[in-house]
Protein chains: 2
Amino acid sequence: MFKPITIKDIAQALELSPSTVSRALSDSYEINEETKKRVIEYAEKHNYRRNPMASSLRQGRSYSIGVVVCEVANSFFSHAIDGIESVAYGKGYHVIISQSHDAYEREVVNIQHLANRAVDGLLISMSAETKDFSHIINLHAQGLPIVFFDRVIDAFETHTVTANNQKGAMVATESLIDRGFKKIAHLANAPHLSITAERLKGYEDALKQHGIPLDESLIRYCHHGGRIQREVEEAIQYFLNLPEKPDAVFVASDRLSMGCLSAYNKLAPRDEHPAVAGFSNSDVLDLLQADFTCIRQPAFKMGQVAMEMLIQLIESRYPVYDFQNIVLETELIHR
Amino acid sequence: MFKPITIKDIAQALELSPSTVSRALSDSYEINEETKKRVIEYAEKHNYRRNPMASSLRQGRSYSIGVVVCEVANSFFSHAIDGIESVAYGKGYHVIISQSHDAYEREVVNIQHLANRAVDGLLISMSAETKDFSHIINLHAQGLPIVFFDRVIDAFETHTVTANNQKGAMVATESLIDRGFKKIAHLANAPHLSITAERLKGYEDALKQHGIPLDESLIRYCHHGGRIQREVEEAIQYFLNLPEKPDAVFVASDRLSMGCLSAYNKLAPRDEHPAVAGFSNSDVLDLLQADFTCIRQPAFKMGQVAMEMLIQLIESRYPVYDFQNIVLETELIHR
DNA sequence: TCGATTGTCGGAAACGATTGCGTAATTTAT
DNA sequence: ATAAATTACGCAATCGTTTCCGACAATCGA
C-alpha cells in the first residue's frame, strides 16, 4: 500500500525539525525565506499533502461544513449548492451534502452524522415532514454554528436567508389575476414549513387586493412536499372534481410545479388545463410548458449569502448574538 | 464553547483505563459484559460521540468515500447517488458528493480535494470535457481504490458498472424505426466519453439491421454534454436547417433529452417537431412530452453495485487484481 | 500441586500536525 | 562594549483514539 509523505519525512530529508517544516508550510513569519523555499520546493516535488485528519484533530476544526437539503435533484437546491460551493472553496472549506428526502427520520440521521464534530457548521433547509426540531436545537445549544436558508425555523435565533416569499407569491398570483383568471387555486407545500405560510400569505394578499374572495376549498396542501407524486395527483384530481374547476393554479414550489404540470397532463385533456404560475428554478419547465409563469428564487445568491454568514459564525472569536435575517427578492418570468 | 466528552472522561469517571473504554465501546470480546454495559450506559447518558478525526487518524481510514459526478441536478445521477447512499450508510460509510459540472478543471480540483486521504475510495463518473486522465491515474497508482460507473475510462483496470448502452441505444432507435421513421438523427454526447461511443454503436446497429444507410450528417455531438444550452440549440438548428429534416431523433443522454426537447420547443412550431427517443431517467420529462420514448438506466442499482464493489476494494486485505465490469440492462418506456 | 490456559484489564506508544515555550545566534540600541 | 531586542529554529506536549504488549488473577488439566 502507498504510504503518503509526512511532515516528519520532509524534516528528516532537509535536516529540520517538524515544527519548522510545519511553520514553513503555513508561511509563518518566523521562518527564514530561504528555508521556506526549500521546504515548499521539496514538498511540491514529493507531492506532499497535509493530512486533513491530523490537522483537524489538532486544530479542533475540520474546515468542512455540512449542507442538509431535501434533495439535490431540484434546480433550486442544486443552484443553491453551487452558490454555497463557490464561497466555500474560495475560503478553503469543503462542502458535504446530504439529503433528507423531506423525511424526518433521514434528516435526523444525516444531521447527527454530520454534526459529530466532523463539520464546523451546518447549512440547513428544513425537511417538509419535520415538526420536531429538538435534534437541531440540541446541536445549536452545544455551540454548533447553524445557518438556515429557504426553509427556516424560529425555534432559536440564528442567521437566515430566505426569498421574499410573500411578495413573490403575491406577484405570481397577481400575474394570473391580470390575465383575467378569477378562480385561482393554490397548491401548497407542507403546512408547517416557513415558506408555505409566507407564500400562502402572498396568495391571500393578492386576492384581497383585487377584491377576490378567499375560498379555502381552493387550497390544497402536500404534506410530503410532492415527494410522493400520488399526493400531488390527488390534489389535482380534487381540483378537477370541483363543481367549478379553478381556471388557474398558483403552485408553491419547484417540486410541486413539476408534479402539478405532469399530473394535469396525466389526468385531464390539454384543453382543460388551467393556467399555472408558481415557484420554480427549473431550467426547462417553462420551455416545455409554454404558458407556465414562474417565480425564480435567487438560488445561487442565497447559497452564497448563507455560506458567508456561516463562515462568519464559525470564524467569530466570540459568541454571536446579533443575527441577520436576510431576505432576497424573487423574479417573475413569463413568456 | 461546548467541550465534547471523550473516552478519557469516561475512563476517569468509571475508574477504568481509556483502552478498556475504547474496547468496550467497540464491543471487544476481551471486555467483561458487565463492564461493557457500564461503559455504554455512561456513554449514552452523557451523550458521548467518538471523535471521527482522531479515530480516522489512528486507523488510517476515514470511513467516507467520495463521489464525483458531473451534476446532481440530473435524475440519473441523483438516483445513482441514492443507491450509493443506501449501501454506504448500511456499511457505516459517509458519502461526500462533488460536482464536476462536466468541466475538466473542476473535476481535477474536486478529485484532488477528495483524495488527500480524506476519503477511503472514489466513485467516479467522468466529466464530459476530460481527455487527460493523469490526475486519476496517479491516485490509482498510489493505491486509492476507485470504481467507475456509467462513464468509464480504460486507462487502467478496475471495477466498473455501466448500463448496456449499446443495446439500450439499439432498442431506442428501433422503436423509432418501428414507428415508421426513416430519417433518424442522433444527438450525441461528448465524443471521448465511453457512453457516447457505445450508444452510437447501438444506433448504428439498429440502422444497419433495418437496412437504413448511415448518414453521418445526421449525427451531432455536444462537447460539453449539454451543459451549455446553446450548443444543443445549435445542433437542433442544424437539424432544422437540413434540406431534408430528420423525422426522428435519438438522444444520447438525460441532460441532452431535456435540452433537445426544449430547444425544439423554442426553435420550431410544434408540428415540425420530430419524434424523440432517448436516454433519460427524468420523472417528468415523459409526462410533459407525451410522445417521448425513453430508455431508463437502472440508476439506483448502478449506485448500489458501484458502492458494493468499492467497499470490497477498500476492505480487501490484499491488492485486488481480478476486476469486474458489470453491465446492467436498460428499460424501454413508451406511452 | 504446578504449570498452562483463559478472562480482564492497564500502560504506553503511536497516528500527523500544530504550537507554546525556550534558546542560540545575530543584530540593534545605548 | 554591553545590554536588549530580534531572528530562526528545536523540544516536547497535545488533540482523542486505537492497539500492541504485557500483567495479574482465576480457572484448568494432568
Side-chain angles (χ1 to χ4, degrees), chain A residues 1-40 42-43 46-64 92 115-120 142-143 317, chain B residues 1-40 42-43 46-64 92 115-120 317:
Chain A
M1 256 324 127
F2 180 76
K3 182 84 164 42
I5 180 177
T6 74
I7 276 193
K8 285 182 192 166
D9 299 329
I10 300 181
Q12 204 152 28
L14 266 40
E15 292 182 310
L16 290 169
S17 76
S19 352
T20 305
V21 174
S22 172
R23 277 187 268 251
L25 289 173
S26 48
D27 202 30
S28 162
Y29 70 95
E30 48 181 338
I31 298 296
N32 185 289
E33 288 301 328
E34 175 63 30
T35 311
K36 276 186 199 172
K37 211 186 323 171
R38 283 174 59 218
V39 171
I40 291 172
Y42 187 93
H46 292 75
N47 199 29
Y48 167 78
R49 309 279 161 192
R50 66 151 46 83
N51 182 320
M53 297 152 201
S55 185
S56 300
L57 176 60
R58 178 59 225 247
Q59 300 196 102
R61 305 196 26 194
S62 64
Y63 283 97
S64 69
N116 299 339
R117 308 236 312 136
V119 295
D120 295 341
Q142 290 175 16
R317 306 185 131 271
Chain B
M1 253 331 126
F2 180 76
K3 182 84 163 39
I5 181 178
T6 74
I7 278 192
K8 285 181 192 167
D9 299 329
I10 301 180
Q12 204 153 26
L14 265 41
E15 291 181 312
L16 291 170
S17 77
S19 353
T20 305
V21 174
S22 172
R23 278 187 269 250
L25 289 174
S26 49
D27 201 31
S28 162
Y29 71 95
E30 47 182 341
I31 299 296
N32 185 290
E33 288 301 329
E34 176 64 27
T35 311
K36 275 187 197 172
K37 211 186 323 170
R38 282 174 59 219
V39 170
I40 291 172
Y42 187 93
H46 292 75
N47 200 30
Y48 167 79
R49 310 277 163 195
R50 71 151 44 84
N51 182 321
M53 298 153 199
S55 184
S56 300
L57 176 60
R58 178 60 225 250
Q59 299 197 103
R61 303 192 31 191
S62 64
Y63 283 97
S64 68
N116 299 339
R117 308 236 309 137
V119 295
D120 296 340
R317 307 185 128 271

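Throughout, protein chains are lettered first and strands after them, A, B, ... in sequence-line order, and every chain is numbered starting at 1.
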Starting at the 5' end of DNA chain D, what dot-bracket string do you get if Watson-Crick and G-U pairs under 3.5 Å are bracketed, crossing pairs use [ ], other-strand pairs use | and unpaired bases use dots? ||||||||||||||||||||||||||||||

Send over the distance from [X] [atom1] to [N] [atom2], rounded to a whole Å.
{"X": "B:Tyr63", "N": "D:dT17", "atom1": "OH", "atom2": "C1'", "answer": "13 Å"}
{"X": "A:Met53", "N": "D:dC15", "atom1": "CE", "atom2": "P", "answer": "20 Å"}
{"X": "A:Asp120", "N": "D:dC15", "atom1": "CG", "atom2": "C1'", "answer": "15 Å"}
{"X": "A:Leu57", "N": "D:dT14", "atom1": "CG", "atom2": "C1'", "answer": "9 Å"}
{"X": "A:Ile7", "N": "C:dC15", "atom1": "CD1", "atom2": "P", "answer": "14 Å"}
{"X": "A:Asn51", "N": "C:dA14", "atom1": "CG", "atom2": "P", "answer": "17 Å"}
{"X": "A:Leu14", "N": "D:dG10", "atom1": "CG", "atom2": "P", "answer": "10 Å"}
{"X": "B:Lys8", "N": "D:dA13", "atom1": "NZ", "atom2": "C1'", "answer": "11 Å"}

N or O in side chain of A:Tyr48 less than 4.0 angstrom from C:dG16 OP1/OP2: no

Do any side-chain nitrogens or oxygens of A:Arg49 fall under 4.0 Å of OP1 or OP2 in C:dG16? no

Side chain to side chain contact (heavy atoms under 4.5 Å, CB included) with [X]: which residues, sequence neighbours excluded?
{"X": "B:Glu15", "result": "none"}
{"X": "A:Arg61", "result": "A:Tyr63, A:Tyr93, A:Asp120, A:Ile314, A:Glu315"}
{"X": "B:Arg23", "result": "B:Ser19, B:Ser28, B:Glu30, B:Ile31"}
{"X": "A:Thr6", "result": "A:Lys8, A:Asp9"}

If you define the side chain from C-beta out and look only at heavy atoms, does anything of [X] sit under 4.5 Å from [Y]?
{"X": "A:Arg49", "Y": "A:Pro4", "answer": "no"}
{"X": "A:Thr35", "Y": "A:Leu16", "answer": "yes"}
{"X": "B:Val39", "Y": "B:Leu25", "answer": "yes"}

Note: B:Ala11 and B:Ser17 closest approach over all heavy atoms is CB-C, 3.7 Å

About how many Å separate CG of B:Asn32 and CZ of B:Arg38, when rounded to the nearest 0.5 Å?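 Here the interatomic distance stands at 9.5 Å.
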
Both B:Ala54 and B:Leu16 contact DNA chain C. Taking the nearest nucleotide for each, which residue is further toward the 5' end? B:Leu16

Using heavy-atom distances to pick each residue's nearest nucleotide on DNA chain C, tell me which of B:Ser17 and B:Gln59 is more 5'. B:Ser17

May I ask you to verify whether the side chain of A:Arg58 and the base of D:dT14 hold a donor-acceptor pair under 3.5 Å?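 Counting by modelled atom types and ignoring angles, a donor-acceptor contact under 3.5 Å is found here.
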
Of all of residues 19-37 of chain B, which get a heavy atom below 4.0 angstrom from DNA chain C, listed by number?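 By residue number: B:Ser19, B:Thr20, B:Arg23, B:Glu30, B:Ile31, B:Asn32, B:Thr35.
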
